[in-house]
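I have placed the structure first, in the form of structure tokens, so that the comments after it can refer back to it.
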Amino acid sequence: MMQPFLAHPFDSDRLHEECGVFGVIGVTDAANFVALGLHALQHRGQEAGGIVSHDAEQGFNSAHRFGYVRDNFTKQSLMETLPGSLAIGHVRYSTAGTKAATAIRDVQPFFGEFAMGGCAVAHNGNITNAMALRRELIERGSIFQSSSDTECIIHLMARSIQRNIPERMKDALRRVEGAFAVIAMTRTKLIGVRDPLGVRPLVLGRIGEDGFVLASETCALDIIGAEFLREIEPGEMVVISKGEVESSRPFGPSKGRFCIFEHVYFSRPDSIIGGRSVYETRRQIGVELAREAPVEADLVCPVPDSGTPAAIGYAHESGIPFGMGIIRNQYMGRTFIEPTEQIRNMGVRLKLNVNRALVKGKRVVLVDDSVVRGTTSRKIKDMILDAGAAEVHFRIASPPTAWPCFYGVDTPDREKLLAAQMSEEEMREWIGVDSLAFVSLDGLYRAVGEAKGRNNACPQYCDACFSGEYPVAPFDQLERGFRMKSAGVPNPVTGHAAE
């Protein structure tokens, strides 16, 4: 029996990416490079991972495992079963509720054998019309093996009449709505595609003389010594083979709406997005926060680790000393402890501890990346006060999260989001702090490089979790009764709008 997987004792009070993808072509033992890339992307998914490789003599080979990359894909006995110069991989996050009962058949990449050869597919994001597609495909005779929306892509490709796999993938993805960064492989090609809005990230790199890499983030290129070339553009497909990259636009012209929360929390701080350091963006969010919500205090402390860059920016701009008032236990990963209710209640203390000598008697500004349910914020506030702090002021490096994300992020139902149920003052009282302030949406946009803030008529980013303005109507959720903030939101591909 597997040991309980408790990578984050307060996971339920954080937003999480559900996936990371990585692929490489033109290198010896490509699967080893994929394993390293997935290790760098582990923050995007900790529950399970998979790798598919292709070798001219042995054909396609695959391995799918639960747990961390380091616990599985570092074993020589396993990696020797994945030979070849072409491979792709995927890491998956363990989502909440019924989704937590993941079977190994749900772990990507998925593989399909077509008349013109095999193809493996891995996907980061969420298909918002997956339920409708699944019903249609099942009625037409498709037999699904998993609960993943990604499998719809394989079945749509199987039903296409196009004569090669890249063209079949174009056919399939034209039927798909939502957010997707897809990587795929045939016997000789590595393929990458982003949805028309480019909500989820995908970058292209070069390794060696003829090798190329596709990855969710640039930090995964760094770990294998690959050179960053460029981002795959919104609505672009690249097909890589024989040392060449072919680009096409299967969805026609499109204007990007990249996920702004990638800047706030999801991406690693050492990654580059849109030519801009994620670390520097987060530090600048702290600068904006200090300008928008100043407070008299003695110490600025981050909630580690994601709040650290913003806290540094807040301290620098405000002139209040920065200090590590909360220390993170770096070794809190897998645990042998059964997650009983008593242990769950200790969850925050298992991972974080207050530096009592630093905070005692001081007015403390705590900087965190977000407030989801608010339960963790309350516990951290209690820990700071128990350590003798005179005052606690929360500063949050994102606007209030009042709407769920349907584009590949594990988000609670709207009624469980604190900002959807309370005003900012009510949230302050419920958390029990002396003051509470969030960076404004315009302040966040300025921090990511938009000097004039948000263009309300045509937003530059997807910020639906803050604004409730969904760039693609989430049809599956509408069928389940979800009520959008505003109707008439068109899909950029089909032209359909929510009613």
Side-chain angles (χ1 to χ4, degrees), residues 260-261 263-265 269 276-326 352 354-355 358-372 374 376-378 380-385 387-402 418-419 422-454 456 463 466-467:
I260 202 165
F261 216 86
H263 287 283
V264 174
Y265 179 70
R276 189 178 179 89
S277 159
V278 174
Y279 172 88
E280 179 55 32
T281 294
R282 291 177 186 168
R283 193 194 68 82
Q284 191 60 35
I285 294 173
V287 170
E288 292 289 340
L289 254 178
R291 292 170 181 170
E292 293 181 350
V295 65
E296 291 187 7
D298 306 307
L299 187 67
V300 175
C301 297
V303 176
D305 290 320
S306 54
T308 302
I312 291 171
Y314 191 100
H316 183 268
E317 182 68 16
S318 66
I320 302 170
F322 173 90
M324 295 300 294
I326 301 174
L352 304 175
V354 177
N355 186 346
L358 185 63
V359 306
K360 186 175 181 180
K362 292 188 174 70
R363 298 168 296 175
V364 178
V365 179
L366 286 177
V367 181
D368 204 355
D369 59 84
S370 60
V371 172
V372 182
T376 297
S377 300
R378 292 181 74 173
I380 291 173
K381 174 267 302 182
D382 288 340
M383 291 167 59
I384 294 290
L385 290 177
E391 297 176 4
V392 179
H393 303 270
F394 256 111
R395 294 295 179 267
I396 309 302
S398 62
T401 305
L418 195 65
M422 297 181 183
S423 67
E424 198 166 305
E425 175 58 23
E426 288 170 336
M427 293 169 69
R428 184 199 66 77
E429 291 182 0
W430 187 82
I431 295 171
V433 289
D434 292 278
S435 72
L436 170 68
F438 298 80
V439 72
S440 67
L441 199 49
D442 276 334
L444 177 57
Y445 270 76
R446 288 192 295 270
V448 298
E450 299 290 342
K452 295 182 179 180
R454 185 180 192 261
N456 293 326
D463 54 26
F466 307 132
S467 66

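All residue numbers refer to positions in the sequence shown, counting from 1.
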Where the side chain of S398 meets the backbone of D369, is there a donor-acceptor pair that is under 3.5 Å apart?
-> yes

Got I260 and F466 here, is their nearest side-chain heavy-atom distance under 4.5 Å?
-> yes

CG of L444 to CD of E288: how many Å apart, nearest 0.5 Å?
-> 9.0 Å

Return the minimal non-hydrogen interatomic distance between L385 and V392, and the atom names on each side.
-> CD2-CG2, 3.6 Å

Identify the heavy atoms of S467 and L441 that sit nearest to each other, and give their distance.
-> CB-CD2, 4.3 Å

Heavy-atom nearest pair, V300 first then S318, reads CG2-OG, 4.5 Å

For R363, does its backbone N or O pair with a side-chain atom of D298 as donor and acceptor, under 3.5 Å?
-> yes

Start with the C-alpha distance between V287 and Y314, add both sets of side-chain angles, then the distance that settles side chain to side chain contact (heavy atoms under 4.5 Å, CB included), and finish with yes or no.
-> CA-CA 5 Å; V287 170; Y314 191 100; over 6 Å; no

Between S277 and R282, is any side-chain donor less than 3.5 angstrom from a side-chain acceptor?
-> no

Do side-chain atoms of R378 reach the backbone of G432 as a donor and acceptor pair under 3.5 angstrom?
-> no

For E425, does the CD atom sit with more than 12 other heavy atoms under 6.0 Å from it, leaving out its own atoms?
-> yes

In short, V295 meets R395 closest at the heavy-atom pair CB-NH2, 3.4 Å

Distance col, row C301:SG vs N355:CG, nearest 0.5 angstrom, shows 8.0 Å

Starting at CE of M324, measure out to CG of L299 and round the result to the nearest 0.5 Å.
-> 10.5 Å

Here the gap from I326 atom CD1 to L358 atom CG, rounded to the nearest 0.5 Å, amounts to 10.5 Å

Using a 4.5 Å cut-off on heavy atoms from C-beta on, say whether the side chain of S306 contacts that of D368.
-> yes

Before giving the answer on side chain to side chain contact (heavy atoms under 4.5 Å, CB included), spell out for F394 and V371 the whole-Å C-alpha distance, their side-chain angles and the decisive distance to 0.1 Å.
-> CA-CA 10 Å; F394 256 111; V371 172; 5.9 Å; no

For the student: nearest non-hydrogen atoms of P321 and A315, plus distance | C-CB, 4.5 Å

Could you state the interatomic distance from CD (E424) to CZ (F438), rounded to the nearest 0.5 Å?
-> 5.5 Å

Polar side-chain atom of D442 near backbone of R454 as donor-acceptor pair, under 3.5 Å = yes

Start with the C-alpha distance between Q284 and R276, add both sets of side-chain angles, then the distance that settles side chain to side chain contact (heavy atoms under 4.5 Å, CB included), and finish with yes or no.
-> CA-CA 11 Å; Q284 191 60 35; R276 189 178 179 89; 4.3 Å; yes

Nearest 0.5 Å, what's the CE-CG distance between M383 and L366?
-> 10.0 Å

Quick one: closest heavy-atom pair of E292 and S440, and the distance?
-> OE2-OG, 2.6 Å

Derivation and outcome, side chain to side chain contact (heavy atoms under 4.5 Å, CB included), residues Y279 and I312 | CA-CA 10 Å; Y279 172 88; I312 291 171; 3.5 Å; yes

